[in-house]
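Each remark here refers to the structure printed beneath this line.
Chain letters run A, B, ... following the sequence lines, proteins first, then strands; residues in each count from 1. Keep in mind that this is a model prediction, so the values were computed, not measured.
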There are 2 protein chains.
Amino acid sequence: MDRIINVVIVDDHKILTDGLRTLLHDSGIAKVVGIAHSATECRNSIGFWMPDILLLDVSLPDMSGVEFCKELTSLYPTVKILALTTHNEYSVVRQILENGASGYLVKNAMTEEVLIGIQAVANGEVFLCHEVDLLMKKPRETQLWLSLREREMLKLIVEGLTNTEIAARIFLSPETIRGYRKNLLLKLGAKNTAVLVKIAIEHKLI
Amino acid sequence: MDRIINVVIVDDHKILTDGLRTLLHDSGIAKVVGIAHSATECRNSIGFWMPDILLLDVSLPDMSGVEFCKELTSLYPTVKILALTTHNEYSVVRQILENGASGYLVKNAMTEEVLIGIQAVANGEVFLCHEVDLLMKKPRETQLWLSLREREMLKLIVEGLTNTEIAARIFLSPETIRGYRKNLLLKLGAKNTAVLVKIAIEHKLI
DNA sequence: GATAAAAACCCCCTTTTGGGGGTGCCAAAG
DNA sequence: CTTTGGCACCCCCAAAAGGGGGTTTTTATC
């Protein structure tokens with residue numbers, strides 16, 4: 001075993017991608033065969049690169065990293081995706097793992113963890129960096145997790161729609177929307193819409 | 001001229017700091033004499049490091065980068081601060097430059113721009129990366145800029161306080177708060193509080 | 001086949017917000 | 001010396017949100 005692992009990095013921070021390329025190269029375990037700074041760039045070259053591992057940032061300039069992850073795993077099932085992001089929010093981790101990622105690293109993890117993670121994922125394992133591992137092991141009740149409908153509702157509330165507008169948009173009774181809104185306030189422990197929006201954005205629930 | 005420039009990096013993303021250290025070293029123009037992953041870490045060693053340039057991320061885990069920049073420039077006026085961050089928001093750039101930074105780089109700038117920036121700032125110039133330079137040159141009317149009172153108000157609104165609560169907190173008439181609230185909605189082009197909070201957070205006005 | 005959770009719906013009543021107007025004071029910039 | 005912008009204040013009234021209670025159906029999961 002232990003042949004060199006081919007890696008592609010997708011992240012819009014050129015400083016990070018350039019630095020990481022050097023680091024991986026110097027490590028001897030992996031080689032960066034491609035770098036993309038957006039989903040589009042990646043889409044154009046991935047078929048040619050065909051890496052073993054794809055390091056993916058969730059905050060891409062042109063589309064949601066979660067969406068892109070879903071797209072990649074269905075088009076290229078042999079390419080393992082290792083999320084490498086700034087967020088350590090339960091919601092983000094869970095969403096990207098549900099969409100086909102094989103691992104999750106936060107950017108302030110140790111550099112060695114990146115190497116360990118790449119090797120683990122290349123061997124078919126699922127890898128979570130220490131910090132995220134702890135996060136996922138916490139009892140489920142303490143985590144913020146919303147149903148599909150609730151997330152949809154939250155998005156529309158954050159966009160500033162009133163109950164009646166939301167009702168018209170998704171063909172439901174305004175009373176139903178009111179119910180969801182109240183429940184969201186309760187679930188997220190928000191006093192009013194202002195705090196609700198704040199929590200939604202901070203926890204990347206949208 | 002052209003002696004090697006001593007640089008310190010303050011950023012909590014260890015992957016970025018490690019990569020950047022290698023990049024700067026390889027460039028031959030600068031040397032990383034210290035790395036800190038938090039304001040506290042930096043505070044403990046800066047007196048010993050005494051670099052020419054300090055690369056500073058605004059989103060530190062333990063305190064606001066803007067505050068920390070202010071602190072550093074007053075304590076160590078000879079150390080030039082070059083902000084290196086993810087944000088290209090007018091408000092963030094303006095605030096950090098007002099607090100003593102000598103330059104501003106966004107993380108998705110070209111790696112070469114970092115080198116150019118470091119050299120420029122070391123020569124006593126003010127350096128803005130291309131993207132930010134364009135941003136600052138845009139006519140002032142198109143930029144979001146709030147007065148001190150307005151920012152204070154916005155913070156309290158985002159925290160979920162009602163007009164009456166804010167009034168009680170800062171000893172003003174509830175009608176005054178109402179006036180500010182209306183004006184904020186107008187200035188930021190928000191339809192209601194939900195959108196106001198969203199814009200405030202996204203543009204880092206708080 | 002029970003249990004639980006999500007989804008959709010309803011009423012009463014109070015508080016808060018938002019849209020529209022308006023006033024006056026003071027300091028800095030032109 | 002006038003204009004502009006920040007700051008503080010006021011009224012009316014309609015719309016929206018929030019606090020409290022409730023019901024039913026469907027859809028998983030055990």
Verify the distance criterion only: is there a donor paired with an acceptor across the side chains of [X] and [Y] at less than 3.5 Å?
X: B/Ser91; Y: B/Gln95; answer: yes
X: A/Asp57; Y: A/Thr85; answer: no
X: B/Asp62; Y: B/Thr40; answer: yes

Rounded off to whole Å, could you give me the [atom1]-to-[atom2] distance for the [X] and [N] pair?
X: B/Leu148; N: D/dG5; atom1: CG; atom2: P; result: 17 Å
X: B/Leu186; N: C/dT17; atom1: CG; atom2: P; result: 18 Å
X: B/Leu184; N: D/dC7; atom1: CG; atom2: P; result: 11 Å
X: B/Glu150; N: D/dC7; atom1: CD; atom2: P; result: 6 Å
X: A/Ile166; N: D/dA17; atom1: CD1; atom2: C1'; result: 12 Å
X: B/Lys182; N: C/dT23; atom1: NZ; atom2: C1'; result: 13 Å
X: B/Leu196; N: C/dG18; atom1: CG; atom2: C1'; result: 12 Å
X: A/Arg151; N: C/dA6; atom1: CZ; atom2: P; result: 12 Å

For [N], does either OP1 or OP2 sit under 4.0 Å from a side-chain N or O belonging to [X]?
X: A/Asn192; N: C/dT16; value: no
X: B/Thr193; N: C/dG18; value: yes
X: A/Thr176; N: C/dA8; value: no

Touch class at under 4.0 angstrom, heavy-atom based, for A/Arg181 against every strand present: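 It contacts sugar-phosphate atoms only.
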Select one nucleotide: of [options], the one nearest the side-chain heavy atoms of [X].
X: B/Arg178; options: D/dC11, D/dC9, C/dA8; result: D/dC11
X: B/Thr164; options: D/dC9, C/dT16, C/dG18; result: C/dT16
X: A/Asn163; options: C/dG19, D/dC7, D/dA17; result: D/dA17
X: A/Thr162; options: D/dA16, D/dG19, C/dC11; result: D/dA16
X: B/Tyr180; options: D/dC10, C/dG19, D/dC7; result: D/dC7
X: A/Ser147; options: D/dA8, C/dT16, C/dA6; result: C/dA6

Value rounded to 0.5 Å, distance of CG in A/Leu20 from CD1 in B/Ile15: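 Those atoms lie 6.5 Å apart.
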5'-most by nearest nucleotide on DNA chain C - A/Phe171 or B/Leu185: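 The answer here is A/Phe171.
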Side chain A/Lys191 and base D/dG18 donor-acceptor under 3.5 Å: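 No such pair is found, so the answer is no.
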Most 5' of A/Glu165 and B/Arg149 on DNA chain D, judged by nearest nucleotide: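 Looking at DNA chain D, the more 5' nearest nucleotide goes with B/Arg149.
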Earlier contact from the 5' end, DNA chain D, for A/Glu175 and A/Leu161: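 The residue whose closest nucleotide sits nearer the 5' end is A/Leu161.
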Presence of salt bridge, B/Lys70 and B/Glu67, under 4.0 angstrom: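 Judged by the 4.0 Å cut-off on N to carboxylate O distance, B/Glu67 and B/Lys70 do not form a salt bridge.
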B/Glu113 and A/Lys14 ion-paired at < 4.0 Å: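 No.
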